[in-house]
Engineer: 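Before I ask anything, let me first share the structure, which is written out below as structure tokens.
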Amino acid sequence: MDETAHGKCLLGEFLSRRRAQLKPADVGLPDYGDRRRVPGLRREELAQLAGVSVAYYIRLEQGLSLNASPQVLDALATALRLDDAERRHLHTLSGDARQSRRRLPAERVTAAVRQLMDAFGDSPVVVLGRRSDILAWNRTGHALFAGHLAPDSPDQTATRPNTARMVFLDAHTRDLYVDWPRKARDVVGKLRQAVGKYPDDPHLASLVGELTMRSPQFATLWAQHRVRAWGMNEYRMRHPTVGELDVLQHSLPVPRGEGIRLMVTTAAPGSAAQAALRLLTQTLQPAADMSAPARPAATGTPAQVVPSVHP
């Protein structure tokens, strides 16, 4: 399937799924109960709400038309009650961003990116690629998110960790998040955004296929076509060494990084979470010993909850 045809399919599927998720009452329309034979809104109802002809809307949903005008897309987004991230995703699927797309370079961590990582000191930092692959991490980032994995695993291109795969298929990562379902929704929403932006990436398509087959939870969330924007998210983590801590995960785009981002984790000044992050840093081996997996020291402090979990 060429890129244009694939884009039409993605657009039509997105419109269809999101239309099915809207109830008539959500948009002020009467609900005829059992007489409605389709879930959500009818095509003609959505077309009327957006101010477009039913025939034109059907062509969009069936993948027979692409490159709708920005005005039409905004009208559809409003009718579908999309948020800002979903609205941008709709424009991307329509082909607005596809026209100037060029072949993307291989993902790599440059010296400039490593300097940027170093600038955050002991704060946990993880470098993420376009597909949410982990391209690099600092010592604290490794200890916070994946102390059960080898420190040099991001350097192994063919088998490097992927955050989406870890959240759904790795028991250690699942246990890290007190509200795992919310973390799972955020991960799927960001992956959905990536598919819209890079629809011709075979590795991304393979990742989605793998997760769909191996995780029923992922398959259910993927079918909802929800989109999440990168930015800042607050989570309560349950770390096996330093216990529970409330953190902010900041996603920062790398200049000229072609989709590469730094995820920096912070905690409120003076909080118990900040103290826990400091304790985590203190348990790490010296940088010269990074050739071996980092193991927390058995300090016997109250912050030590359970031993490290190994899948």
Side-chain angles (χ1 to χ4, degrees), residues 1 6-7 9-22 39-40 80 82-83 85-86 88-90 92-93 107 126-135 137 144-146 148-149 153-154 156-231 233-238 249 251 259-261 263 265 309-311:
M1 181 183 296
H6 190 200
C9 291
L10 290 174
L11 175 63
E13 186 179 8
F14 181 74
L15 290 171
S16 176
R17 294 287 185 176
R18 296 311 300 270
R19 174 173 60 84
Q21 293 169 14
L22 271 182
L80 288 168
L82 303 184
D83 61 23
E86 294 165 335
R88 290 192 297 271
H89 181 67
L90 179 62
T92 299
L93 292 180
E107 295 177 322
V126 176
V127 182
L128 298 176
R130 294 183 292 271
R131 309 177 194 101
S132 296
D133 290 332
I134 296 177
L135 307 182
W137 46 31
L144 179 62
F145 292 102
H148 62 303
L149 300 180
S153 54
Q156 314 305 317
T157 305
T159 58
R160 63 176 33 136
N162 176 278
T163 57
R165 189 180 286 115
M166 290 169 66
V167 164
F168 284 94
L169 304 180
D170 180 74
H172 174 95
T173 305
R174 180 184 286 259
D175 289 343
L176 275 179
Y177 292 92
V178 174
D179 188 355
W180 180 85
R182 185 167 74 86
K183 178 63 177 179
R185 290 193 298 271
D186 289 345
V187 166
V188 172
K190 291 167 184 175
L191 199 60
R192 174 65 72 179
Q193 184 184 60
V195 168
K197 192 171 183 180
Y198 310 110
D200 53 342
D201 185 336
H203 298 291
L204 188 55
S206 176
L207 173 64
V208 171
E210 175 195 351
L211 292 174
T212 300
M213 293 296 294
R214 297 181 63 186
S215 171
Q217 297 99 327
F218 178 88
T220 298
L221 291 172
W222 188 253
Q224 295 175 4
H225 283 255
R226 297 289 179 178
V227 179
R228 293 287 191 274
W230 290 95
N233 295 98
E234 184 174 0
Y235 298 107
R236 172 163 292 181
M237 301 185 72
R238 185 191 297 112
Q249 293 179 1
S251 174
I260 295 177
R261 294 177 174 273
M263 185 174 71
T265 301
V309 178
H310 297 268

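Quick note: numbers below take in every heavy atom, side chains included, and nothing from hydrogens, waters or symmetry partners. On a predicted model such as this, the values are computed, not experimentally measured, just so you know.
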Engineer: List for me each residue that meets salt bridge (charged side-chain N to carboxylate O under 4.0 Å, His left out) alongside Arg165, sequence neighbours excluded, and say none if there are none.
Structural biologist: Glu210
Engineer: Among all residues two or more places apart in sequence or in another chain, which pass the side-chain contact (heavy atoms from CB on, under 4.5 Å) test with Arg130?
Structural biologist: Leu104, Glu107, Tyr198, Glu258
Engineer: Decide yes or no on side-chain contact (heavy atoms from CB on, under 4.5 Å) for Tyr177 and Met237, but give the supporting numbers first.
Structural biologist: CA-CA 5 Å; Tyr177 292 92; Met237 301 185 72; 4.2 Å; yes
Engineer: Quick check for you: to the nearest 0.5 Å, what is the distance between Leu221 atom CG and Asp186 atom CG?
Structural biologist: 10.5 Å
Engineer: In Å, rounded to the nearest 0.5 Å, how long is the span from CZ of Arg185 to CZ of Arg228?
Structural biologist: 6.5 Å
Engineer: With side chains defined as the heavy atoms from C-beta onward, is the minimum distance between Leu204 and Arg131 less than 4.5 Å?
Structural biologist: yes
Engineer: Looking only at non-hydrogen atoms, find the nearest pair between Met166 and Pro161 and report the distance.
Structural biologist: SD-CB, 3.7 Å
Engineer: Do you know which two heavy atoms are closest between Asp175 and Arg238, and how far apart they sit?
Structural biologist: O-NH1, 3.1 Å
Engineer: Under the rule for salt bridge (charged side-chain N to carboxylate O under 4.0 Å, His left out), what residues qualify as partners of Arg261, not counting sequence neighbours?
Structural biologist: none
Engineer: Output the distance between atom CE (Met263) and atom CG (Asn233), rounded to the nearest 0.5 Å.
Structural biologist: 10.0 Å
Engineer: Under the side-chain contact (heavy atoms from CB on, under 4.5 Å) rule, what do Ile134 and Leu128 come out as? Steps first, then yes or no, please.
Structural biologist: CA-CA 5 Å; Ile134 296 177; Leu128 298 176; 3.9 Å; yes
Engineer: Check whether Thr220 reaches the backbone of Pro216 with its side chain - one donor and one acceptor, N or O, closer than 3.5 Å.
Structural biologist: yes
Engineer: In Å and rounded to the nearest 0.5 Å, what is the NE2 to CG distance from His172 to Leu149?
Structural biologist: 7.5 Å
Engineer: Under 3.5 Å, is there a donor-acceptor pair between the His203 and Asp133 side chains?
Structural biologist: no
Engineer: Does the ring center of Phe168 lie less than 6.0 Å from the ring center of Trp180?
Structural biologist: yes
Engineer: Does the side chain of Ser153 reach to within under 4.5 Å of the side chain of Thr159, using non-hydrogen atoms?
Structural biologist: no
Engineer: Any salt bridge (charged side-chain N to carboxylate O under 4.0 Å, His left out) pairs touching residues 215-227, not counting sequence neighbours?
Structural biologist: Glu86-Arg226
Engineer: Roughly how far, to the nearest 0.5 Å, is OH of Tyr235 from CZ of Arg182?
Structural biologist: 5.5 Å
Engineer: Measure from the side-chain N and O atoms of Arg192 to the backbone N and O of Trp222, and report whether any donor-acceptor pair falls under 3.5 Å.
Structural biologist: yes
Engineer: Considering residues at least two apart in sequence or located in another chain, which fulfil the side-chain hydrogen bond (donor to acceptor under 3.5 Å, both in side chains) criterion with Arg236?
Structural biologist: Asp246
Engineer: If you take all heavy atoms of Leu211 and Leu191, which pair is closest and at what distance?
Structural biologist: CD1-CD2, 4.2 Å
Engineer: Under a 3.5 Å distance rule, please check whether Thr212 uses its side chain to pair with a backbone N or O of Val208 as donor and acceptor.
Structural biologist: yes
Engineer: Answer whether the closest heavy-atom distance between the side chains of Phe218 and Val188 falls below 4.5 Å.
Structural biologist: yes
Engineer: For the atom pair CZ (Arg18) and CD (Gln224), what is the distance rounded to the nearest 0.5 Å?
Structural biologist: 9.0 Å
Engineer: Less than 4.5 Å apart, any side-chain heavy atom of Leu15 and any of Leu80?
Structural biologist: yes
Engineer: Taking side-chain hydrogen bond (donor to acceptor under 3.5 Å, both in side chains) as the test, write out the residues that go with Ser132, two or more places apart.
Structural biologist: none
